[in-house]
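Single-structure report; data block below.
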Amino acid sequence: RMAAQAAFRAVILGAPGSGKGTISARIVKQFDVKHISSGDKLRYHIANQTDLGKKVKKYLDSGMLVPDETMIALISEEIKTLEGRNWLLDGFPRTVPQAEILESIHPISLVISLIVPDSVILERVKNRWTHLPSGRVYNIGFNDPKVPGKDDVTGESLCQRPDDQPEIVQRRLDEYLTKTKSVIDYYQKRGLLREFTGVSTNELWPKIQECIMPLL
Ligand code: G5P
Ligand code: MG
């Protein structure tokens, strides 16, 4: 119990393309924190055609949320393996039932909420390239891969996410507004929410660093 309270347990929230993965990578680089991205996990299962992957593909392809019970099973399993470690959840929780279950498993120390205008998001996702096995993301003109089309670390090919087509991005933004905004209220009421507003990651990052520093 003492160890669980001492550890850093954070959540990063934000609309699709708001920079959760990018900021998480910076946090991991600077602090001793394990990053858990629900979307990266799901895409990995889809790429490997596991039973779970086959079950969730239709939701990701259409930009709809995966059912709560599936997500809760996946993420609580993952958290169990990280006993005593600091962690940062990216993409979970996305509904109030998910947040309630998470709270019953572990008290959360901090919730980082990214607020980036939709117009900026729609521009960004057009230029996003992803390394599927690791979840590393690139953006043409912002953080280009060293070799075009290839991952910096493994040299493997990059791909574009099927859900980054404009109509699907719009659906994901709608899902965020209708289902995930209530998670923000949930954490606001508990005094855990810290909001960061801006149009670029470089502008948000120093403020996020400052907020995490005293906790780690
Ligand atoms: P995901 O995978 O959680 P989203 O939609 O929440 O997906 P996404 O798209 O992964 O979020 P992000 O991580 O917030 O976005 O953003 P990012 O990848 O870091 O940045 C976006 C792009 O902008 C990148 O190319 C990056 O390089 C670039 N970029 C960053 N900063 C800047 C900048 O300052 N300037 C510029 N020019 N570019 C920048 O969820 C996917 C699906 O999985 C399911 C759902 O179906 C969901 O649709 N799912 C769940 N369903 C139910 N419950 C859950 N808990 C679920 N979790 C996942
Ligand atoms: Mg992401």
Side-chain angles (χ1 to χ4, degrees), residues 11-28 35-46 52-53 55-76 78-79 88-102 112-132 134-145 151-152 158-165 168-180 183 196-206 208:
V11 167
I12 186 162
L13 290 174
S18 59
K20 299 181 294 296
T22 305
I23 300 267
S24 297
R26 293 190 186 189
I27 293 174
V28 167
H35 172 224
I36 306 162
S37 160
S38 54
D40 289 350
K41 293 246 172 293
L42 295 170
R43 281 184 288 278
Y44 187 81
H45 277 277
I46 291 172
L52 175 65
K55 203 161 89 179
V56 300
K57 186 177 187 309
K58 60 174 182 289
Y59 298 103
L60 278 92
D61 283 353
S62 63
M64 303 296 289
L65 292 187
V66 171
D68 283 341
E69 60 274 21
T70 306
M71 291 314 301
I72 289 166
L74 177 69
I75 298 301
S76 47
E78 186 68 26
I79 288 174
L88 170 67
L89 284 176
D90 159 3
F92 185 97
R94 263 193 162 79
T95 63
V96 171
Q98 291 180 16
E100 285 169 342
I101 294 276
L102 180 63
I112 297 165
S113 170
L114 307 179
I115 302 174
V116 175
D118 285 3
S119 56
V120 172
I121 286 174
L122 290 164
E123 250 339 282
R124 274 185 195 177
V125 293
K126 283 187 205 158
N127 301 318
R128 168 161 54 190
W129 289 85
T130 305
H131 178 243
L132 258 184
S134 69
R136 271 185 290 279
V137 285
Y138 301 88
N139 207 271
I140 307 310
F142 171 66
N143 59 337
D144 293 83
D151 177 46
D152 286 355
L158 302 175
C159 67
Q160 287 198 287
R161 278 169 49 176
D163 60 345
D164 275 348
Q165 300 159 56
I168 311 287
V169 175
Q170 193 55 57
R171 168 84 60 70
R172 287 159 58 205
L173 287 168
D174 294 345
E175 284 279 272
Y176 186 74
L177 208 62
T178 55
K179 298 188 180 143
T180 309
V183 176
F196 300 90
T197 306
V199 296
S200 76
T201 291
N202 290 343
E203 173 191 353
L204 301 182
W205 173 235
I208 294 172

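We count ligands from 1, going down the list as the structure has it; atoms in each ligand are counted the same way. Note: hydrogens, waters and symmetry copies are ignored here, and every other heavy atom, side chains too, is used.
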Nearest to atom 21 (C) of ligand 1, what protein heavy atom do you find, and at what distance? Arg128 NH1, 3.5 Å
Starting from atom 49 (N) of ligand 1, which protein heavy atom do you reach first, and at what distance in Å? Leu42 CD1, 3.5 Å
Any nitrogen or oxygen of Arg161, side chain or backbone, less than 3.5 Å from one on ligand 1? yes
Side chain Asp90, main chain His35, donor-acceptor under 3.5 Å: no
shortest atom 19 (O) of ligand 1-to-protein heavy-atom contact is with Thr22 OG1, 2.6 Å
Test your reading of the structure: does Val66 have an N or O sitting under 3.5 Å from an N or O of ligand 1? yes
Decide side-chain contact (heavy atoms from CB on, under 4.5 Å) for Thr201 and Phe142; before the verdict, give the C-alpha distance in whole Å, the side-chain angles of both, and the deciding distance to 0.1 Å. CA-CA 10 Å; Thr201 291; Phe142 171 66; 4.0 Å; yes
Gly91 N/O under 3.5 Å from ligand 1 N/O: yes
I'd like to know if the side chain of Arg172 and the backbone of Asp163 have a donor-acceptor N/O pair within less than 3.5 Å. yes
For Pro93, is the nearest heavy atom under 4.0 Å from an atom of ligand 1? no
Side-chain donor or acceptor of Asp144 paired with backbone N/O of Gly141 under 3.5 Å: yes
Using modelled atom types and a 3.5 Å cut-off, is there a donor and acceptor pairing between side-chain atoms of Lys20 and backbone atoms of Gly14? yes
Tell me, do Val66 and Leu74 make a side-chain contact under 4.5 Å, heavy atoms counted? no
Of all the heavy atoms in Arg43, does at least one lie under 4.0 Å from an atom in ligand 1? yes
Before signing off on this row, confirm whether Asn202 and ligand 1 have an N or O atom pair separated by under 3.5 Å. no
Short N or O distance, Trp129 and ligand 1, threshold 3.5 Å exclusive: no
At a 4.0 Å threshold, what atoms of ligand 1 neighbour a non-hydrogen atom of Gly21? 12 (P), 13 (O), 19 (O)
Give the numbers and elements of all ligand 1 atoms closer than 4.0 Å to a heavy atom of Met64. 45 (C), 46 (O)
Ligand 1 atoms nearer than 4.0 angstrom to some heavy atom of Gln98 are 52 (C), 53 (N), 54 (C), 55 (N)
How far is atom 47 (C) of ligand 1 from its nearest protein heavy atom, and which residue and atom is that? Arg94 NH2, 3.9 Å
Would you call Asp61 and Lys58 a salt bridge, using N to O less than 4.0 angstrom? no
Find all atoms of ligand 1 within a distance of less than 4.0 Å from any non-hydrogen atom belonging to Asn143, and give their numbers and elements. 27 (O)
Proximal ligand 1 atoms for Thr201, defined as those under 4.0 Å from one of its heavy atoms: 30 (C), 31 (N), 32 (C), 33 (C), 34 (O)
Give the single entry among Ala25, Ser38, Gly14 that approaches atom 57 (N) of ligand 1 most closely by any heavy atom. Ser38
Distance under 4.0 Å to a non-hydrogen atom of Val137: what atoms of ligand 1 satisfy this? 18 (O)
What do you reckon, does Asn139 have a nitrogen or oxygen under 3.5 Å from a nitrogen or oxygen of ligand 1? yes
Kindly give the heavy-atom pair with the smallest separation between Ser24 and Ile12, and that separation in Å. OG-CG2, 3.7 Å
Check whether any side-chain heavy atom of Arg94 lies under 4.5 Å from a side-chain heavy atom of Ser38, and answer yes or no. yes
Closest approach of any protein heavy atom to atom 16 (O) of ligand 1, naming residue and atom: Gly19 N, 3.2 Å
Decide whether an N or O pair under 3.5 Å exists between Leu65 and ligand 1. no
Whether Ser37 lies under 4.0 Å from ligand 1, heavy atom: no
I need the nearest protein heavy-atom contact for atom 11 (O) of ligand 1: residue, atom name and distance, please. Lys20 NZ, 3.0 Å
Could you check whether any heavy atom of Glu175 sits closer than 4.0 Å to an atom of ligand 1, since that is the contact criterion I want to use? no
Given the options Arg124, Lys126, Arg128, Asp164 meets salt bridge (charged side-chain N to carboxylate O under 4.0 Å, His left out) only with Arg128
Which of the numbered atoms in ligand 1 are under 4.0 angstrom from any heavy atom belonging to Phe92? 55 (N)
I need the nearest protein heavy-atom contact for atom 35 (N) of ligand 1: residue, atom name and distance, please. Phe142 CD1, 3.4 Å
Would a distance-only check, ignoring hydrogens and angles, find a side-chain to backbone donor-acceptor pair under 3.5 Å from Arg171 to Ser62? yes
Check: Asn127 N/O within less than 3.5 Å of ligand 1 N/O: no
Look at atom 23 (O) of ligand 1 and say which protein heavy atom is nearest, naming residue and atom and giving the distance to 0.1 Å. Arg124 CD, 3.3 Å
Lys57 side chain to His45 main-chain N or O, any donor-acceptor pair under 3.5 Å? no
For Ser200, the ligand 1 atoms whose distance to one of its heavy atoms is below 4.0 Å: 34 (O)
Backbone N or O of Val125 within a donor-acceptor pair of the Gln160 side chain at under 3.5 Å? no
Distance-only N or O hit between ligand 1 and Asp90, under 3.5 Å: no
